[in-house]
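Here is the structure we will look at, set down as structure tokens.
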Protein chains: 2
Amino acid sequence: MGLVSNSIGSEKKSAISPVDELPPYVSRRELTGKHTARRKQAIDTAAAIFARLGYQGASTRAIAEALGIKVASLYFHIASKEDALAEICLLGMQRSLDYLEEARRKTTLDEQIRHFFACQRDDLIHHADYVIVSIRDRDHLSDPAKNRIRDLTARFRITMDEMFVLAEARGELHPALTPRHGRFIMIGTLRGISEMYLSGVDLASNDIMDRWVETLIRGVVPENKSTGV
Amino acid sequence: MGLVSNSIGSEKKSAISPVDELPPYVSRRELTGKHTARRKQAIDTAAAIFARLGYQGASTRAIAEALGIKVASLYFHIASKEDALAEICLLGMQRSLDYLEEARRKTTLDEQIRHFFACQRDDLIHHADYVIVSIRDRDHLSDPAKNRIRDLTARFRITMDEMFVLAEARGELHPALTPRHGRFIMIGTLRGISEMYLSGVDLASNDIMDRWVETLIRGVVPENKSTGV
DNA sequence: CCTACCGATCGGTAGG
DNA sequence: CCTACCGATCGGTAGG
């Protein structure tokens, strides 16, 4: 589970991109919020450090060092440590919402569940740092950022409820469950899977996640309504 | 979800227990490890603060303040912040292991699963702080403490594998699953449920957890082998 | 992008 | 159980 995937930090002296190397100490901040490539690199690095040490355990010094710069320079790219966290969480949650809206276009509940978790597995593998941080450190967000996150989770909740309501109408939801139960169990399973990945279980090289998802489908979809796999 | 349940901190001046009030500044430490009632109170309070702010976000000052004493005095009862964490995690994990060993004495897999999660739900409700901290802050333990935890999780794993192996022999494990799959899915579901509780879902006053567990059983136990509920 | 610095807070200890 | 204190580190800024 290689953190800080591509070794940043050594390219300080190499002239990979001669542009924006040593920008002649320009006015000052203001443009902090802009999405330059270097800023993206800073956020990526912050995500990697947060994922490994936790938001509170990660120092801005450690992030700067991983980037090969000093703290003061880091603050040219991010407005604050908390600001970096907010961006990481928003990106992580946005992706989950995208996957869900994609999955909803499938025609049966079991296919929808399979598709959603397949996307999430790939996401865990390719953007593990973002997923981990947005789950584990969400509650360290500032209040304004928390509100923006709340918007996303509300949309996520609504989309998933709609999916389960339609499935129920098609007779594809087990009679013991309401759509709300379905949503709780599905989000909870996603959390369980993410936590398992976080604790070091490699989901890429075994079939645990597939079997888990099929087990979930057996519990959620009445037998005669499941299309099998 | 009342943290720091019974208001400590005000009894500093009241002479509830005249013993050990202002112990004539005895030799010094050494007995730090002893299990006095006041020590238990200190660990309980630490668990509450850790649960609310996270291990790294919780200061020893905050713990001391909640106890109504100064930091220096706190260190009379605990050897270090990390030491308090270790004790909290060990107590939390030990209980899970006890529940599992109790559940294993049931005769069918679905009853075993039901019993285990019923115990865990009560545990979440009555010892939420310990459960939360031992899940969320486990990785901040010192190496020696980590090893002691590893012993417990190893025994937990073995016990659960044994339970699933016997269930498989009785034909009570779904043919798509190995005992190892069963263990992963069950521990993962426990984590998902705990995370859900942690994020504010009140498991005591609704049926979400029951329905979730029944959904798990439908996915894990072949239909003709389930005793229903 | 840097040097140099800020006040605040951290975990922990001396010594009584 | 306290007062008084320690060195280290924190997030962040001034100013170029």
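Letters A, B, ... are given to chains in the order of the sequence lines, protein chains preceding strands, and every chain is numbered from 1.
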Show each protein N/O and nucleotides 5-12 of chain C N/O combination with a separation under 3.5 Å, one pair to a line.
residue: C:dG11; atom: OP1; partner: B:A58; partner atom: O; Å: 3.2
residue: C:dG11; atom: OP1; partner: B:K81; partner atom: NZ; Å: 2.7
residue: C:dG11; atom: OP2; partner: B:T60; partner atom: N; Å: 2.8
residue: C:dG11; atom: OP2; partner: B:T60; partner atom: OG1; Å: 3.0
residue: C:dG11; atom: N7; partner: B:R61; partner atom: NH1; Å: 2.3
residue: C:dG11; atom: O6; partner: B:R61; partner atom: NH2; Å: 3.1
residue: C:dG12; atom: OP2; partner: B:Y75; partner atom: OH; Å: 2.5
residue: C:dG12; atom: OP2; partner: B:K81; partner atom: N; Å: 2.9
residue: C:dG12; atom: O5'; partner: B:Y75; partner atom: OH; Å: 3.4
residue: C:dG12; atom: O6; partner: B:R61; partner atom: NH2; Å: 3.0

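B:H127 and B:D122 share no donor-acceptor pair across their side chains, judged by distance under 3.5 Å alone. Looking at B:Y197 and B:D202, their side chains never bring a donor and an acceptor atom within 3.5 Å of each other.
Per the geometry, CZ belonging to B:R38 stands 10 Å off C1' belonging to D:dC1, to the nearest Å. The distance from atom NZ of B:K70 to atom P of D:dT3 is 6 Å, rounded to the nearest whole Å. Rounded to a whole Å, the CG atom of B:L74 is 15 Å from the P atom of D:dT3. In this structure, A:L67 places its CG atom 10 Å from P of C:dC2, rounding to the nearest Å. When rounded to the nearest whole Å, the span between CD1 of B:I69 and P of D:dT3 equals 12 Å.
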Pairs counted as Watson-Crick or G-U wobble with both distances under 3.5 Å: what dot-bracket string results for DNA chain C, using | for bases tied to another strand? ||||||||||||||||
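Annotation: side-chain hydrogen bond (donor to acceptor under 3.5 Å, both in side chains) contacts of A:R138 (sequence neighbours excluded): none. Among residues two or more places apart in sequence or in another chain, the ring-ring contact (aromatic ring centres under 6.0 Å, His included) test is passed with B:Y55 by B:F50, B:H140.
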Can you give me every donor-acceptor pair (side chain of residues 142-150 of chain A, partner residue at least two apart or in another chain, under 3.5 Å) with its distance?
residue: A:S142; atom: OG; partner: A:E82; partner atom: OE1; Å: 3.3
residue: A:N147; atom: OD1; partner: A:R150; partner atom: NH2; Å: 3.1

Throw together a table of side-chain donor-acceptor distances under 3.5 angstrom for residues 88-98 of chain A, partners on residues two or more places apart or in other chains.
residue: A:Q94; atom: NE2; partner: A:D98; partner atom: OD1; Å: 3.1
residue: A:R95; atom: NE; partner: A:D123; partner atom: OD1; Å: 3.0
residue: A:S96; atom: OG; partner: A:Q120; partner atom: OE1; Å: 2.6

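Between the side chain of B:K81 and the backbone N or O of B:A58 there is at least one donor-acceptor pair closer than 3.5 Å.
Residues A:E87 and A:R39 are paired through a salt bridge, judged by an N-O separation under 4.0 Å between the basic side chain and the carboxylate.
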